[in-house]
Amino acid sequence: MLSKWDDFPIHQAAVPVAQTVGNDLGRYDRHWMAMHDRDLTTQVGFGLSVHPNRGIVDASISVARDGVQRSTFASAPLTRDRDMVAGPLRLEIVEPMQVLRVTLDEQDGMSADLTFTAVTQHIEDSRMRRESGNTLIAERVRTVQFGEWSGSFTVDGVTTSCDRTDWWGFRDRSWGSRTTGTAAEGKDSAHKSAIYFAWTLLRFDDECLLVAVNETPEGLSEARTVAVLPFLGPDDPAYGEEDRILRSDTFGFDIDYAPGTRRARHVSLTVGPRGPVSRSIEIEPVAEFLMQGLGYYHPTWKHGTDHGGLAVGSDAWKLADAVPTKIENVHAQQICRATRSDGSVGLGLFEHVAIGPHHPSGLPEGIAPATTTPPVTR
């Protein structure tokens, strides 16, 4: 099946670009993006996923503010050119690796026209492959970039204008195979889908910091990354100068969970010391963003779900009423304030999901809270 992309020299296998090399229903290609104001009152998230072996593209946008989160979801048949359009939601690559635009036509009181502009390089994060017995749970490459946002969004008749000075954010790209928490997760893999993921993106005046870890229930690393990113200068390329990025895989998250939950109320992060990378940071979560607002574990809008054609819908939550021990609420992001040991204060995001046991944290089966006091380092 030919598409417009076959005119470009980008083939990785002896098939047209629109065809995958296997029939794995978990095969996917995703954009995730987020923004927050510098006062940490509001978070906006966006996601768009292509599922080539399911013939589906799904997208969502969500706004959390004043204790309420509102989302618009859409799912549509995938075109042969893999157009990044699902009903009223669209993603446009204005300038590759540098400028992207998200638009939402008015839907149930929500609309948006937002542009992301990079302030750091777009870098490759650590790769991950996770198997359980004969079941492939995840195999992916992820890339990450910090940026600033401009434009506007409207929720229930209230329009918020955004400029790059006051609205900061991030994006990631990932692709590969993923079944956990998606429509591709079958009966043979559902009971094997234990996941432990902690991720923080922090912007300080002099640098941006990415720290991420995926671990097994025993605490063995499946992927772990530290990247200290300098800001782009006027003539700096948005990718391809990896020697300017300081990297490490030596760090520890010490997460203080809110009682009765797997939700962080404080995080102590130690990076290094290893070579030039040595940081000690205290992270204070300020506001919550449910990842089901972007389809993660959502009972209706789970990634890769076939809705029988174009489908558009919405959902809303009062965050104080969202029980954190329900599966659809266990995966969350929190916009946060971070204080480095030298006194520098940064802003950013802490994301965490722990499903199933994680012995170093004292987390048991399921999504129950910790039953023991975990060790400090990991």
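Treat the numbers as computed from the prediction; the structure is a model and nothing was measured. Side-chain atoms are counted along with the backbone in the values below, which use heavy atoms only and exclude waters and symmetry mates.
Taking the six-membered ring wherever Trp is involved, the centroid distance between the rings of Trp301 and His307 falls below 6.0 Å. Ring centroids of Tyr296 and His303 are separated by less than 6.0 Å, placing the two rings close together.
Ion pairing between Glu148 and Arg203 holds under the 4.0 Å rule for side-chain N and carboxylate O. Under 4.0 Å is where a charged nitrogen must lie from a carboxylate oxygen, and between Asp256 and Arg265 at least one such pair does.
Using a distance-only test at 3.5 Å, with no hydrogens or angles considered, no donor-acceptor pair links the side chain of Thr325 to the main chain of Thr261. Side chain of Trp5 to backbone of Asp81: a donor-acceptor contact under 3.5 angstrom is found. Under the 3.5 Å distance criterion, the side-chain polar atoms of Ser111 are left unmatched by any main-chain donor or acceptor of Glu106. A donor-acceptor contact shorter than 3.5 Å is absent between the side chain of Asp113 and the backbone of Ser152. In this structure, Asn329 contributes its side chain and Lys326 its backbone to no donor-acceptor pair below 3.5 Å.
The salt bridge (Lys or Arg N to Asp or Glu O under 4.0 Å) test with Asp29 singles out one residue from Arg142, Arg54, Arg173, and that residue is Arg173. Just one residue in the list Trp168, Trp167, Phe116, Phe46 forms a ring pair (Phe, Tyr, Trp, His ring centres under 6.0 Å) with Trp149, and that residue is Phe116. Checked options Phe289, Tyr196, Trp199; the residue passing with His352 is Tyr196 (criterion: ring pair (Phe, Tyr, Trp, His ring centres under 6.0 Å)). With Gln333 as the fixed residue, the side chain to side chain donor-acceptor pair (under 3.5 Å) test singles out one of Glu288, His36, Glu351: Glu351.
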Working for side-chain hydrogen bond (donor to acceptor under 3.5 Å, both in side chains), residues Arg90 and Thr103: CA-CA 5 Å; Arg90 295 179 298 281; Thr103 55; 3.2 Å; yes
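Residues Leu347 and Leu202 fail the side-chain proximity criterion, which asks for heavy atoms closer than 4.5 Å.
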